[in-house]
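Notes follow the structure.
Just so we're clear, the structure is a prediction, and the values are computed from it rather than from any experiment.
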Amino acid sequence: MRDVRAWHLDDNGELVCVMPDALWGVALEERQPPTDPVAYHGRQGKLTDWWSATTGTLVVCGSKRRTYVATELDFDPAIGRFAGEPVELHWEQGRIRHRWRPDFITLTRDGTRQAVVLAPNKAGPQWRERLAALHEVAGPAGWSVQVRTVPHGVRRENLLLVADYRQPAVCDDAHERALLAAFRRKRPLHEGIAASGVPDLLGFDHVYRLIWRRRLRIDWARPLLPTSPAWTGKGRR
């Protein structure tokens, strides 16, 4: 067993060090990192923030890889809130002192708190040590542990495209109703927009927002183009 301690900011913004069981019920998904964020794997360079449509706040990310996963978390209807690197774990194994931050802490809409970590490109002893320490914390803290792979390929490109339309915007209700009516059957984007009577440029803006909000469905395995088919589906936003 590892003697793992957790550093995080408390309700007053003060840095505290606690045992894992003291993390039970702590809303880390609403907290900032305990100290300045660390670049992914110690790399130098500009750190990235992700503006989350789910929370309406900036989420700290230390790399492009984390940003891609933050995009998926933001798009996931099961996620209610999430934060980047809000807790830092410290422990010793033999003579080696370890310090590590799980990539994200999330709270699902059914009230489950999760530690979300990115699977490395190649799993080695360091990764296995970190994951073992995290599991030792997760039990007393009441967390589940989720290992996510970084999205890639066509799905990632499609998600990044529609994520550009995640910011709140005033959409004309009549235009939205017309577009949803036009896509009651599967048809190409440009065809449905033309059938709706909404001007092309405005229509594409609205359609991408509807895809982000899961009001329109698409085939995520194919590139999202004006000729791509879309059809209506239920969403949460």
Heavy-atom nearest pair, Leu180 first then Arg215, reads CD1-NH2, 3.0 Å

One should read off an interatomic distance between Ile79 CD1 and Gln114 CD, to the nearest 0.5 angstrom, of 5.0 Å

Rounded to the nearest 0.5 angstrom, the NE2-CG distance for His8 and Leu15 is 9.0 Å

Taking every heavy atom of Leu28 against every heavy atom of Ala83, the minimum-distance pair comes out as O-CB, 3.6 Å

To the nearest 0.5 Å, atom CG of Asp164 lies from atom OG1 of Thr71 at 9.5 Å

Nearest heavy-atom approach of Pro168 to Trp51 is CD-CH2, 3.4 Å

#### Entry: Beyond-backbone contact of Asp3 with Met19, side-chain heavy atoms, under 4.5 angstrom
yes

dist Arg65:CZ -> Tyr68:OH (nearest 0.5 Å) comes out at 10.5 Å

Per side-chain contact (heavy atoms from CB on, under 4.5 Å), Arg156 is matched among Leu159, Val154, Leu160 by Leu160

Report whether Leu118 and Val147 are members of the same hydrophobic cluster (ILVMFWY, side-chain heavy atoms less than 4.5 Å apart, transitive linking). no

Requested in this report: Please check if any side-chain donor atom of Arg101 sits under 3.5 Å from a side-chain acceptor atom of Thr35, or the reverse.
Outcome: yes

Can Phe104 be reached from Val87 by stepping across I, L, V, M, F, W or Y side chains whose heavy atoms are under 4.5 Å apart?
no

Is Trp127 linked to Val150 within one hydrophobic cluster, defined over Ile, Leu, Val, Met, Phe, Trp and Tyr using a side-chain heavy-atom separation of less than 4.5 Å? no

I want to check something: taking the side chain as every heavy atom from C-beta on, are Leu210 and Phe183 in contact at a cut-off of under 4.5 Å?
no

- In sequence, state the C-alpha distance, the side-chain angles, and the governing distance for Leu225 and Leu189, and then conclude on side chain to side chain contact (heavy atoms under 4.5 Å, CB included). CA-CA 8 Å; Leu225 303 169; Leu189 294 180; over 6 Å; no

Heavy-atom closest pair (Ala53 atom, Arg166 atom, distance to 0.1 Å) is CB-O, 3.6 Å

CG of Leu134 to CD of Glu129, rounded to nearest 0.5 Å, is 11.5 Å

Is a side-chain N or O of Arg155 found less than 3.5 angstrom from the main chain of Trp220, in a donor-acceptor match? no

| Out of curiosity, does Leu202 fall in the hydrophobic cluster containing Phe204 (side-chain heavy atoms, cut-off under 4.5 Å, transitive links)? | yes

(message) Check for me whether the distance between the ring centres of Phe82 and Trp50 falls short of 6.0 Å.
(response) no

Item to complete: Output yes when a side-chain donor or acceptor of Arg5 lies under 3.5 Å from a complementary backbone atom of His90, and no otherwise.
Response: no

Closest non-hydrogen contact found for Pro33 with Leu9 is O-CD1, 3.5 Å

Q. For the side chain of Arg148 and the backbone of Val116, is there at least one donor-acceptor N/O pair under 3.5 Å apart?
A. no

Other residues, nucleotides, ligands: >12 heavy atoms within 6.0 Å of Glu72 CD: yes

- Task: Please report the C-alpha distance between Val60 and Asp49 in whole Å, then the side-chain angles of each, then the deciding distance to 0.1 Å, and finally whether the side chain to side chain contact (heavy atoms under 4.5 Å, CB included) criterion is met.
- Result: CA-CA 5 Å; Val60 169; Asp49 287 337; 3.9 Å; yes

With the side chain counted from C-beta on, respond yes when Glu85 and Arg66 share a heavy-atom pair under 4.5 Å apart, and no when they do not.
yes

Check: Thr54 side chain, Asp74 main-chain N or O, donor-acceptor pair, under 3.5 Å
yes

Given 3.5 Å as the limit, does a donor-acceptor pair link the side chain of Glu136 with the main chain of Arg2, or not?
yes

_Quick check: is Leu161 connected to Ile211 through a chain of hydrophobic side chains (ILVMFWY, heavy atoms under 4.5 Å apart)?_
yes

When rounded to the nearest 0.5 Å, the distance separating CZ of Phe75 from CG of Asn158 is 10.0 Å

**Report entry** Check: Arg109 side chain, Pro77 main-chain N or O, donor-acceptor pair, under 3.5 Å
**Finding:** yes

Query - Worked verdict on Thr112 versus Leu107 for side chain to side chain contact (heavy atoms under 4.5 Å, CB included) - result: CA-CA 6 Å; Thr112 301; Leu107 184 69; over 6 Å; no

Exercise for review: Could you walk me through whether Asp103 and Val69 pass side chain to side chain contact (heavy atoms under 4.5 Å, CB included), step by step?
Suggested key: CA-CA 9 Å; Asp103 298 293; Val69 173; over 6 Å; no

Treating Asp10 as the side-chain partner and Asn12 as the backbone partner, does any N or O pair qualify as donor plus acceptor under 3.5 Å? yes

Note to self: Less than 4.5 Å apart, side chain to side chain, heavy atoms only: is that true for Val137 and Trp91?
What the structure shows: no

Heavy atoms of Arg31 and Asp11 approach each other most closely as NH2-OD1, 2.5 Å

Any side-chain heavy-atom pair of Glu29 and Arg113 under 4.5 Å: yes

